[in-house]
Chemist: 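Handing you a structure now.
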Amino acid sequence: MDEMATVSTGRGRRPGRRLSPFMLIRLLGIGLFIFILTTVDLGELWKNIRQVKVDYFLYAMAFQLLLLLAKALRWHLMNNGSRSKEQVVRSFGEFLESYAVGVITPGRLGELMKAGHATGKKKVLETGFRILIERGLDIGFFVIIAGAAFMFAYTGMITDAAGTIILVSGGLIFLLSMVLMKSKSALRRTQKALNSIPDLKLEMELSFLHISNLTYVSVILLSVISNFSAFISCYMLALGLDFELSFLFISGGIAIAGLLNMLPVTVMGLGTREGTFLLLFKPMAEPLIIAFSGLVFLVAQLGGGLMALLLGQLFLYNSRRAKRGNS
């Protein structure tokens with residue numbers, strides 16, 4: 001009987017929840033962030049944050065807004081480019097909602113929500129392919145800036161050959177995304193390869209085959225505008241703290257930290273961003289560097305995410321209201 005009770009008790013036990021390896025990896029960034037804070041004079045840090053010039057802070061927020069609108073318009077053009085007000089509003093709402101979720105998820109995985117708005121397996125897969133090209137345009141641009149910074153700003157940190165490889169790699173990523181978005185032969189090969197995967201029966205028909213030259217050029221231009229807006233926004237914060245560093249010097253740090261933030265090793269760049277800036281911005285005092293990192297977090301992560309969330313819900317609400325009005 002005792003044995004039965006033991007068995008019964010064993011069955012009733014719930015195994016304790018264990019942290020997955022992926023969660024532990026994500027927590028590493030937060031741990032690094034806490035460690036860095038323990039090595040910094042927090043009083044001096046807060047003093048530096050309070051001394052940021054208000055006008056430069058507002059400029060930074062304005063460029064974040066420009067970034068969001070440019071990326072939302074790019075996403076709309078990459079999908080159907082319809083001039084219908086209802087379609088534009090819906091596209092903007094779907095993009096901005098996913099952007100807001102992407103800000104707070106490791107590796108910006110939340111941006112895959114865009115595919116969730118598509119209906120049917122075929123449309124979801126096609127939207128996922130668009131997301132891949134969209135991310136390629138952004139990642140390629142960031143890698144280009146990182147490579148240029150290593151070659152012309154962080155001289156001596158790595159070899160010229162390594163800097164050249166990084167720069168060329170970024171250009172190739174950007175170019176590949178451009179080719180996949182427009183080249184009929186490249187798209188047909190990609191489409192054929194995806195559709196030939198055994199058992200999946202994708203039957204994809206990539207609509208980029210029909211993208212116009214004007215839309216194509218507009219998407220590339222909006223990619224440049226939106227990404228430059230990110231770097232200009234952060235440079236405004238640096239100027240607001242009286243950083244005596246060049247635009248490329250600051251942008252290189254932002255690009256490298258942004259690329260690290262895409263890896264599932266941190267949440268919202270905590271820890272990896274501070275570590276990157278401390279390594280690269282050595283001419284500046286540590287409390288000032290951490291103050292800059294805090295402002296980047298406040299404006300680019302929290303501020304950008306909050307603006308995207310509010311604007312996204314506003315656009316989606318107007319889209320639903322317009323749809324009810326037409327029904």
Side-chain angles (χ1 to χ4, degrees), residues 29 32-67 138 141-160 162-164 166-167 170 224-261 266 268-304:
L32 178 60
F33 174 71
I34 295 172
F35 172 75
I36 290 173
L37 284 182
T38 62
T39 66
V40 174
D41 185 338
L42 296 180
E44 190 70 18
L45 167 63
W46 178 238
K47 177 184 175 182
N48 287 323
I49 290 179
R50 288 190 304 171
Q51 287 180 348
V52 64
K53 296 180 178 65
V54 176
D55 51 348
Y56 283 106
F57 182 85
L58 294 177
Y59 293 152
M61 292 297 294
F63 276 103
Q64 280 295 316
L65 180 60
L66 176 60
L67 177 155
D138 292 339
F141 197 92
F142 268 55
V143 175
I144 290 172
I145 296 298
F150 276 123
M151 292 183 66
F152 304 111
Y154 311 139
T155 53
M157 185 168 289
I158 62 174
T159 64
D160 291 342
T164 302
I166 296 173
L167 182 63
V224 174
I225 291 173
S226 61
N227 284 296
F228 258 125
S229 295
F231 295 123
I232 295 173
S233 174
C234 295
Y235 186 60
M236 290 295 105
L237 296 175
L239 292 179
L241 289 172
D242 294 323
F243 269 38
E244 297 178 357
L245 299 171
S246 68
F247 176 76
L248 183 57
F249 205 104
I250 296 295
S251 297
I254 296 297
I256 295 168
L259 291 169
L260 289 175
N261 193 22
T266 180
M268 302 180 78
L270 292 174
T272 55
R273 179 174 48 248
E274 288 75 23
T276 301
F277 292 166
L278 286 171
L279 178 65
L280 298 177
F281 301 159
K282 287 181 180 179
M284 309 302 296
E286 285 192 5
L288 194 59
I289 295 173
I290 301 300
F292 172 68
S293 181
L295 287 170
V296 171
F297 173 75
L298 179 63
V299 172
Q301 299 289 139
L302 293 182

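A quick note: this is a predicted structure, and the numbers were derived from the prediction, not measured. Residue numbers start at 1 and run along the sequence shown.
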Chemist: Taking only residues two or more places apart in sequence or in another chain, which ones pass side chain to side chain contact (heavy atoms under 4.5 Å, CB included) with Leu279?
Modeler: Lys282
Chemist: Could you pull out every donor-acceptor pair under 3.5 Å between side chains of residues 147-154 and any protein atom, sequence neighbours left out?
Modeler:
| residue | atom | partner | partner atom | Å |
| --- | --- | --- | --- | --- |
| Tyr154 | OH | Phe249 | O | 2.5 |
| Tyr154 | OH | Gly253 | N | 2.8 |

Chemist: Does the plane of the ring in Phe231 sit parallel, tilted or perpendicular to the ring in Phe142? Use 30° and 60° as the thresholds.
Modeler: tilted
Chemist: For Ala60, give me all partners under side chain to side chain contact (heavy atoms under 4.5 Å, CB included), at least two apart in sequence or on another chain.
Modeler: Ser233, Met236, Leu237, Val299
Chemist: Taking only residues at least two apart or on different chains, which pairs with a member in residues 225-241 satisfy salt bridge (Lys or Arg N to Asp or Glu O under 4.0 Å)?
Modeler: none
Chemist: Counting C-beta onward and ignoring hydrogens, is there a side-chain heavy-atom pair between Leu298 and Phe57 closer than 4.5 Å?
Modeler: yes
Chemist: Give a yes or no on this: more than 12 heavy atoms of other residues, nucleotides or ligands lie within 6.0 Å of atom OH of Tyr59.
Modeler: no
Chemist: Measuring from atom CD1 of Ile166 to atom CD1 of Ile145, what distance do you get when rounded to the nearest 0.5 angstrom?
Modeler: 13.0 Å
Chemist: To the closest 0.5 Å, what do you measure between CD1 (Ile290) and CZ (Arg273)?
Modeler: 10.0 Å
Chemist: Among pairs that include at least one residue of residues 226-246, which meet salt bridge (Lys or Arg N to Asp or Glu O under 4.0 Å), considering only residues two or more places apart or in two chains?
Modeler: Lys53-Asp242
Chemist: If I compare all heavy atoms of Ile250 with all of Ala238, which pair ends up nearest, and what's the gap?
Modeler: CD1-CB, 3.9 Å
Chemist: For Asp160, does the CG atom have more than 12 heavy-atom neighbours from other residues, nucleotides or ligands under 6.0 Å away?
Modeler: no
Chemist: For the CG atom of Leu295 and the CG atom of Leu302, what is their distance to the nearest 0.5 Å?
Modeler: 11.5 Å
Chemist: Find the distance between OG (Ser251) and CZ (Phe228) and round it off to the nearest 0.5 Å.
Modeler: 7.5 Å
Chemist: Measuring from Ile225:CD1 to Ile232:CD1, what's the distance to the nearest 0.5 Å?
Modeler: 10.0 Å
Chemist: Rounded to the nearest 0.5 Å, how far does OG1 of Thr272 lie from CD1 of Ile256?
Modeler: 12.0 Å
Chemist: Quick one: ring pair (Phe, Tyr, Trp, His ring centres under 6.0 Å) partners of Phe277, sequence neighbours excluded?
Modeler: Phe281, Phe292
Chemist: Do the side chain of Ser293 and the main chain of Ile289 share a donor and acceptor less than 3.5 angstrom apart?
Modeler: no
Chemist: Identify the two heavy atoms, one from Ala146 and one from Ala255, that lie closest to each other, and give their separation to 0.1 Å.
Modeler: N-CB, 4.0 Å
